[in-house]
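All values reported here derive from a predicted model rather than from experimental measurement. Below, chains carry the letters A, B, ... as their sequence lines are ordered, and counting in each starts from 1.
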Number of protein chains: 4
Amino acid sequence: MESNDTVITDEPTRGRPRDPSRDEAIIDAAIDVLVRDGYDRLSMEGVATAAGVGKATVYRRWSSKAELVIDAMATLKPAIDSIDTGSLEGDIELVVAASCSPHSQRLFQVMVSICSALPREPELLAAFKTRFTEPRIARMTDILERARGRGELGPDIDVAMAASLVPSLMLQRALMTGQPAGRGYAEQIVGSVLLPVLGRPPRPISTKDAETPHD
Amino acid sequence: MESNDTVITDEPTRGRPRDPSRDEAIIDAAIDVLVRDGYDRLSMEGVATAAGVGKATVYRRWSSKAELVIDAMATLKPAIDSIDTGSLEGDIELVVAASCSPHSQRLFQVMVSICSALPREPELLAAFKTRFTEPRIARMTDILERARGRGELGPDIDVAMAASLVPSLMLQRALMTGQPAGRGYAEQIVGSVLLPVLGRPPRPISTKDAETPHD
Amino acid sequence: MESNDTVITDEPTRGRPRDPSRDEAIIDAAIDVLVRDGYDRLSMEGVATAAGVGKATVYRRWSSKAELVIDAMATLKPAIDSIDTGSLEGDIELVVAASCSPHSQRLFQVMVSICSALPREPELLAAFKTRFTEPRIARMTDILERARGRGELGPDIDVAMAASLVPSLMLQRALMTGQPAGRGYAEQIVGSVLLPVLGRPPRPISTKDAETPHD
Amino acid sequence: MESNDTVITDEPTRGRPRDPSRDEAIIDAAIDVLVRDGYDRLSMEGVATAAGVGKATVYRRWSSKAELVIDAMATLKPAIDSIDTGSLEGDIELVVAASCSPHSQRLFQVMVSICSALPREPELLAAFKTRFTEPRIARMTDILERARGRGELGPDIDVAMAASLVPSLMLQRALMTGQPAGRGYAEQIVGSVLLPVLGRPPRPISTKDAETPHD
DNA sequence: CCTTAATCGAGACGGTACGTCATGTCTTGGG
DNA sequence: CCCAAGACATGACGTACCGTCTCGATTAAGG
């Protein structure tokens with residue numbers, strides 16, 4: 001996905017080689033500008049300025065902002081690593097922790113910044129799913145499938161829907177409030193929604209942590 | 001919120017009065033352009049052209065695109081009317097029907113088009129909540145509170161969270177697919193998520209209607 | 001030649017009419033920039049800035065710098081009006097006066113600024129001849145033909161060549177010195193070259209006015 | 001003026017010596033680009049590309065395009081060698097032949113390409129006179145002075161002006177037509193202008209060779 | 001009826017941001 | 001140390017819009 005992979009044709013590398021530190025600076029600046037201004041207001045020139053780089057240096061690597069943003073998304077680490085504590089409750093606890101980590105919060109900001117361009121940019125949508133949506137759901141699906149294998153889940157559970165609940169509601173919360181959701185809200189989702197969906201009794205949250213979904 | 005309310009000072013209305021049909025044409029065009037291009041790419045000039053109207057006619061009424069869009073949102077009817085069939089099941093059935101009506105689908109498109117500008121425009125966010133989010137949640141909260149009054153809900157149910165589930169997940173679906181969600185998906189949300197959250201057993205859906213949340 | 005002559009199709013003049021003062025400001029600025037920077041270094045943006053005008057205002061009228069410069073040349077008055085004193089000597093005296101007038105000197109500066117682009121721009125060359133070269137030669141040819149009709153010139157005189165001598169040598173002088181030639185040089189051309197070519201004895205010039213052709 | 005003269009300090013010449021063939025290639029390319037694009041459009045990069053040479057190789061030798069062009073002009077042989085046939089008529093015949101030789105025609109193209117930059121580049125103007133203008137005039141002045149010594153010229157002849165006539169009018173012709181003047185035009189200058197200026201009767205030219213000065 | 005005044009569509013205006021391109025400098029690997 | 005290739009920061013260019021301003025024409029209300 002990176003634009004500067006020479007793949008097979010290893011030409012003798014003529015001329016001055018590209019400075020790898022520029023790639024990183026541009027990608028970092030692109031993320032910053034994206035979060036600050038949103039996808040539609042992001043311009044290649046703005047990214048170049050924010051990166052302290054000439055415009056030509058940006059265009060030499062990425063010929064359009066869609067390609068740049070897609071590559072920038074690709075460099076962001078997935079929010080949730082593989083999880084397997086041996087019990088559903090333990091796994092969910094780790095999911096909650098991962099979903100409200102600082103890195104995950106930044107990912108939510110990026111997602112919010114991009115989302116309204118998705119209907120008009122199919123390639124952006126595809127990358128968005130590949131990089132953000134699917135990894136989260138895949139981890140959660142793994143957890144639920146293992147729990148089902150251990151007999152912890154009944155046969156009626158809609159695993160696909162359950163797996164999407166936490167990221168969907170967290171993103172929704174970020175959209176509606178302008179700020180990424182915190183740990184309190186993640187626990188509320190788990191206690192009020194995810195556990196009942198999985199056939200467990202709801203787990204009330206302490207009053208001080210209670211949050212309404214859209215404030 | 002409408003800009004052309006004469007407030008108190010009813011001057012003798014000298015000169016040619018404004019043509020009310022222009023207001024409607026501009027608002028309609030604003031919605032169309034909003035859905036087609038998104039909030040950030042919407043321009044006053046584009047709206048004027050789409051409405052077949054001079055730019056001055058637009059600026060005479062709304063001095064910025066934020067004001068125009070806010071007023072345009074205000075003219076959209078809420079998606080869900082007051083509902084009270086006497087039973088929780090009946091009410092939820094009507095909610096499902098309302099949530100996937102053509103009018104509601106258009107509302108979701110508008111919401112998607114606006115959402116990424118929300119972090120940068122507090123007034124837009126406020127109007128968004130007032131016009132879109134809160135009416136939906138309020139209707140659902142009413143339904144759930146009445147059901148609780150009838151003893152149909154246990155005391156542990158997180159009503160606020162439950163009330164936000166359907167609109168949140170429907171909007172999420174629209175974001176991720178580029179198309180508004182249909183009836184099949186609304187029923188899946190109810191069967192797989194809302195009913196368990198309300199303490200009822202899940203209601204499996206027919207295989208042909210099953211949809212994964214993000215495709 | 002002006003770009004904004006509506007010619008035949010007199011549409012009902014919809015919209016705001018163009019401001020004629022802008023045309024003049026742009027043309028004047030174009031001449032200034034042309035003399036200062038030369039044709040190749042002249043840019044539409046530079047003209048717009050010098051005219052205190054937006055770039056769009058320039059491009060709305062002239063779509064390329066060749067068109068702008070051609071129209072700018074068209075607004076410059078010819079250097080020499082029609083001349084007929086009744087005698088060859090009297091006519092030549094007036095030609096000398098006209099050839100070193102301030103207006104004529106400015107025309108020479110413009111000609112110098114344009115000349116090196118002529119080989120690469122046929123339309124510019126055509127306009128150059130029409131506006132600068134031919135009027136000068138035509139006036140001089142008229143004078144010489146009338147003199148011939150009065151019997152003042154012998155039959156061997158090459159009128160076409162003689163008519164081109166003064167402007168050619170004046171322009172050459174401007175090219176070689178960076179400054180338009182003055183009256184002394186014009187008289188030297190007449191006394192040392194034109195009169196002998198016309199079959200008259202040379203007229204020596206006072207020593208103090210003598211100039212070498214390329215200093 | 002050549003940049004690669006080691007002057008006095010003959011350092012031990014460390015490292016790889018410069019390749020003299022590069023100097024020639026660059027100079028030749030500079031002349032080609034100059035004639036093709038004109039002085040203002042000539043760029044160091046364009047010259048390097050045309051010469052099949054790296055930009056650094058050009059800048060190592062000449063630090064600006066003015067220096068490069070001045071040196072390029074210096075390598076061009078003068079158009080007219082020393083002439084002395086013993087008679088004025090014979091000398092003039094050789095001058096005509098030299099003035100329309102292929103090499104002289106190329107020189108005129110170079111002169112046309114440079115001329116409009118002269119008002120803005122004093123050093124270029126100085127080199128232009130030294131390399132192009134003065135040699136031509138000096139040869140012609142020599143011829144005329146010798147003729148005067150032989151008693152072939154009257155005392156009133158303006159030698160300096162007469163010496164400049166042929167090159168001035170030939171260059172003018174090249175400017176106005178885009179093509180270097182040919183032999184027919186050179187003979188016309190001599191017959192119609194130079195001979196009368198020198199006190200001789202005009203020499204009519206055959207009708208087929210007649211040319212108007214600016215077509 | 002006729003004046004007055006604010007409206008309307010259309011488009012010109014100054015300004016600005018964009019992506020492209022060219023310039024001169026710097027930095028590779030190789031000779 | 002030279003050479004060809006080309007990456008680099010900078011900046012100018014022509015284009016495309018934006019929001020404001022200005023035109024002739026239209027339309028109602030007040031005299």
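Under the 4.5 Å side-chain criterion, counting only non-hydrogen atoms from C-beta, A:Ile27 is in contact with A:Trp62. Under the 4.5 Å side-chain criterion, counting only non-hydrogen atoms from C-beta, B:Arg131 is not in contact with B:Leu76. Residues B:Glu24 and B:Asp28 meet the side-chain proximity criterion, which asks for heavy atoms closer than 4.5 Å. Residues D:Glu67 and D:Asp71 have side chains not in contact (no heavy-atom distance under 4.5 Å, counting atoms from C-beta outward).
Scanning all heavy atoms of the two residues, the minimum distance from D:Ile31 to D:Arg106 falls at CG2-NH2, 3.5 Å. Of all non-hydrogen atoms in B:Ala127 and B:Met73, the two that sit nearest each other are CB-CE, 3.4 Å.
Atom CG of A:Asp19 and atom P of F:dC8 are 6 Å apart (whole Å). Summarising the geometry, the separation between CG on D:Asp40 and P on E:dT23 is reported as 12 Å, rounded to the nearest angstrom. Atom CZ of A:Arg61 is separated from atom P of F:dA7 by 9 Å (rounded to the nearest Å). Taking atom CZ of A:Arg14 as the reference point, atom C1' of F:dA5 lies 6 Å away to the nearest angstrom. Rounded to whole angstrom, the span from the CZ atom of A:Arg22 across to the C1' atom of F:dG6 amounts to 16 Å. Summarising the geometry, the separation between CD on A:Glu67 and P on E:dG19 is reported as 13 Å, rounded to the nearest angstrom.
Distances shorter than 4.0 Å separate none of the side-chain N or O atoms of A:Arg18 from OP1 or OP2 on E:dT28. In this structure, B:Thr57 reaches the E:dG9 phosphate: one of its side-chain N or O atoms is under 4.0 Å from OP1 or OP2.
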Quiz item: What does nucleotides 17-22 of chain F look like as a protein-contact string, B for base, S for sugar-phosphate only, - for none, at under 4.0 angstrom between heavy atoms?
Solution: BBBBBB
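The stretch residues 117-125 of chain B has no heavy atom under 4.0 Å from DNA chain E, so no residue of it qualifies as close.
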Tabulate below the donor-acceptor pairs under 3.5 Å that side-chain atoms of residues 109-117 of chain B make, not counting sequence neighbours, or state none.
unit_1: B:Ser113; atom_1: OG; unit_2: B:Leu34; atom_2: O; d: 3.1
unit_1: B:Ser113; atom_1: OG; unit_2: B:Gln109; atom_2: O; d: 3.0
unit_1: B:Ser116; atom_1: OG; unit_2: A:Ser116; atom_2: OG; d: 2.4

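From A:Arg36, atom CZ reaches atom CZ of A:Arg41 across 11.5 Å, with rounding to the nearest 0.5 Å.
Around atom CZ of D:Arg120, more than 12 heavy atoms belonging to other residues, nucleotides or ligands sit under 6.0 Å away.
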